[in-house]
Number of protein chains: 2
Amino acid sequence: MATMTDVARRAGVSVSTVSYVLTGTRPISAATRDRVLEAMAELGYQPNALARGLASRRSNIVGLLLPLTGRGLGATETAFVTGATEAARKAGYHLMLCPVGAEDTDELRALATQRLLDGFLVMEVGLTDQRVDLLRTLDTPFVLIGRTADTGGLACVDIDFEQTVDDAVAHLVGLGHETIAYVNHSGASLAGGYGPAKRTEEAFEAALERHGVTGVMVPTEDTASGGRAAIRQARERCPDLTGVLVMNENAALGILADLRESGLEVPFDVSLVSMVTSEVVADLASPPLTAMTSPGTALGAAATRVLLDRLAGDGVAGDPTYTELVPCVLDVRGTSARARRRTNTAASRRR
Amino acid sequence: MATMTDVARRAGVSVSTVSYVLTGTRPISAATRDRVLEAMAELGYQPNALARGLASRRSNIVGLLLPLTGRGLGATETAFVTGATEAARKAGYHLMLCPVGAEDTDELRALATQRLLDGFLVMEVGLTDQRVDLLRTLDTPFVLIGRTADTGGLACVDIDFEQTVDDAVAHLVGLGHETIAYVNHSGASLAGGYGPAKRTEEAFEAALERHGVTGVMVPTEDTASGGRAAIRQARERCPDLTGVLVMNENAALGILADLRESGLEVPFDVSLVSMVTSEVVADLASPPLTAMTSPGTALGAAATRVLLDRLAGDGVAGDPTYTELVPCVLDVRGTSARARRRTNTAASRRR
DNA sequence: TTGAAAGCGCTAACAG
DNA sequence: CTGTTAGCGCTTTCAA
């Protein structure tokens, strides 16, 4: 394993010169640079990342804080991760997966104090989040993927739920739908203040009003069978129902199956728009889901970019508050169509 | 940021003593240990991971080599990743995501030579794999998740495809099915020597013979529409078909939809077993898929364990060849049932 | 059972 | 434009 000293000797220069051609922190004559580069190549030299980090106080590694709660990651979260990883790599950074739960503050404190990581990307952010509170007190830079209730002084990158819900409602209204159900995340999520659940709930109310249509929100478990239960409940409460928005992909598939088994045809009797959805899952349904496609990789990449910018900013900026919202984009596939005239008949057929 | 020197001063001992209470590499009297621990607690001391790594020549980080090829990770791969991450964390290691393509040998060489990582987990291994060839020449420990053609001298952890295929065929045969189609990965995968595709192809042939039934293999794209095309082709070539094995989850959903639209009822006209499948996707289908459930997290954890064992082994063991195979386990859900008597009639109904 | 001190391989003043 | 050198914070002989 060749060291920098070896390279210096071989090139006939001092170690600092070698170091400077590597970091580019000071001008080097073309001639010496070439000699150094050549020596490096001949020796197959690679700088020792640990030594480098110790001396420069920068590891070039960022941590991705990711509560690994049993069930594993969904397609959307996975896209975040790969987007962030790719973006970091392109910027010469590495990404470390840090499976620390929302409650594991001790572990997070240790992690942040070990100086292994230059900063953090925080996933699965709650409206109030202990990890965020902790990170604020430490001197570690971080950016949230998601938002807390109070984003003052924080850097956040998140889905623009308001816009996304409004776009989805607009799509359905544009197709003539006038009674719309919103199948949200679970009641527990809502009670627990889970950001996406709360925000979309409010956005849905606002969108109904803005577009002059009526509707109802139903909370659900994020599973296919949860979706089945939800759509039954929604139809009971709203027999005229012809449009459905659903927050969770798994629930969307359940809804689709349940409607079909109830003798209702999608999209002709009922139109369905799946929110924050990955393309794979959308394509996997029959018919493929009309969806607000989750900007997963873009979000991960954006968050990384923001974090790395701060790291480059080398010190605390004046007001570090910064929020970047990315809406999902509508992909019309097979589950949405113009509302039928006599929707009542169709929707009530089974009752 | 307290350093070890601070702790030593406060506890009234030398730095080396502090170091030894941390590493446990030499006996310390209970009294001094307590004083040191107390000092650490008072100062909120955390060892600097970079300094530690530099001095000890071990970073306590392992890299997960993961070709991030556009489309992102499937549920099974994601489970690998989370399983490995969790296992590493429990052993006091960190896991770094290394998105290096199968061809990026230069990048891999740099990564391995930088001494940032103590070892590698290699995902998406091909029958011949440049990354493996390279890692062999370097002195970095690594273990494959998957297998190359020649596993001599390598540590591998993989799915037991032979067993898995045989179990699946046995399940169908036990239900009275006598003509079985196997919808494999794409023809390109097969031609390219993709391990799972080749291995299952052979295992399928063997299983047919062993169980005394007939069948046909059809390659397919790993998408829902690929599955649709495949099942049509299979039924054309084998009108008696009543059992289907499918390698890809997305294709499985396509097959399900296509059979239904052809007027065939699953599981009564045709039984379907989805191979190497995640529980989420299985539950998302209607009816939920009978599947050979992918041991994703278990595999990731097993691979990590093997790697960390080698790292602890501190040097090259005698014969480093080691292979651990984990079969998928059969989860009977809604897509498999006893074969109907007059399967011919049912299967031919549409022709 | 403990301490002293020599590095680990690099960066970044400081000095020319 | 280049060299000298003092650390970065820890581990690990060597010596007691």
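Protein chains get the first letters and strands the later ones, always in sequence-line order, with residue 1 at the start of each.
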Looking only at non-hydrogen atoms, find the nearest pair between [X] and [Y] and report the distance.
X	Y	value
B:Gly53	A:Leu50	C-CD2, 3.8 Å
A:Leu121	A:Ala303	CD1-O, 3.9 Å
A:Asp150	A:Arg136	O-NH1, 4.2 Å
B:Thr82	B:Ala79	OG1-O, 3.1 Å
A:Leu307	A:Gly119	CD2-C, 4.0 Å

Could you tell me which residues satisfy side-chain hydrogen bond (donor to acceptor under 3.5 Å, both in side chains) with [X], sequence neighbours excluded, listed by chain and number?
X	result
B:Arg52	none
B:Ser14	B:Ser16, B:Thr17
B:Ser59	B:Asp118
A:Thr76	none

Per-helix bend value, the helix from C:dT1-D:dA16 to C:dG16-D:dC1, C1' rotation axes over five pairs per end, 10° rounding, shows 30°

Is the side chain of B:Thr151 donor-acceptor paired with the backbone N or O of B:Arg147 at a distance under 3.5 Å, no angle test?
no

Residue list, ring pair (Phe, Tyr, Trp, His ring centres under 6.0 Å) with B:Tyr194, at least two apart or on another chain:
B:His185

From the 5' end of DNA chain D to its 3' end, which nucleotides mark the outer limits of contact with chain A, defined by a 4.0 Å heavy-atom distance cut-off (strictly under)?
D:dC1 to D:dG9

When you measure from every atom of DNA chain C, which of residues 112-119 of chain A have a heavy atom less than 4.0 Å away?
none

Can you sort out which residues in residues 27-40 of chain A have a heavy atom within less than 4.0 Å of DNA chain C? Ascending by number, please.
none

5' to 3', nucleotides 10-16 of chain C under a 4.0 Å protein heavy-atom cut-off (B base, S sugar-phosphate only, - none) gives BBBBB--

Give every residue pair that meets the salt bridge (Lys or Arg N to Asp or Glu O under 4.0 Å) criterion with at least one member in residues 96-114 of chain A, sequence neighbours excluded.
A:Glu107-B:Arg89

Salt bridge (Lys or Arg N to Asp or Glu O under 4.0 Å): pairs with one or both residues in residues 33-42 of chain A, sequence neighbours excluded:
A:Arg10-A:Glu42

Salt-bridge test for B:Arg305 and B:Glu324: reply yes if a basic N is under 4.0 Å from a carboxylate O, no otherwise.
yes

Does B:Thr32 form a side chain to side chain donor-acceptor pair (under 3.5 Å) with B:Ser29? I'd like the steps, not just the answer.
CA-CA 6 Å; B:Thr32 31; B:Ser29 76; 2.6 Å; yes

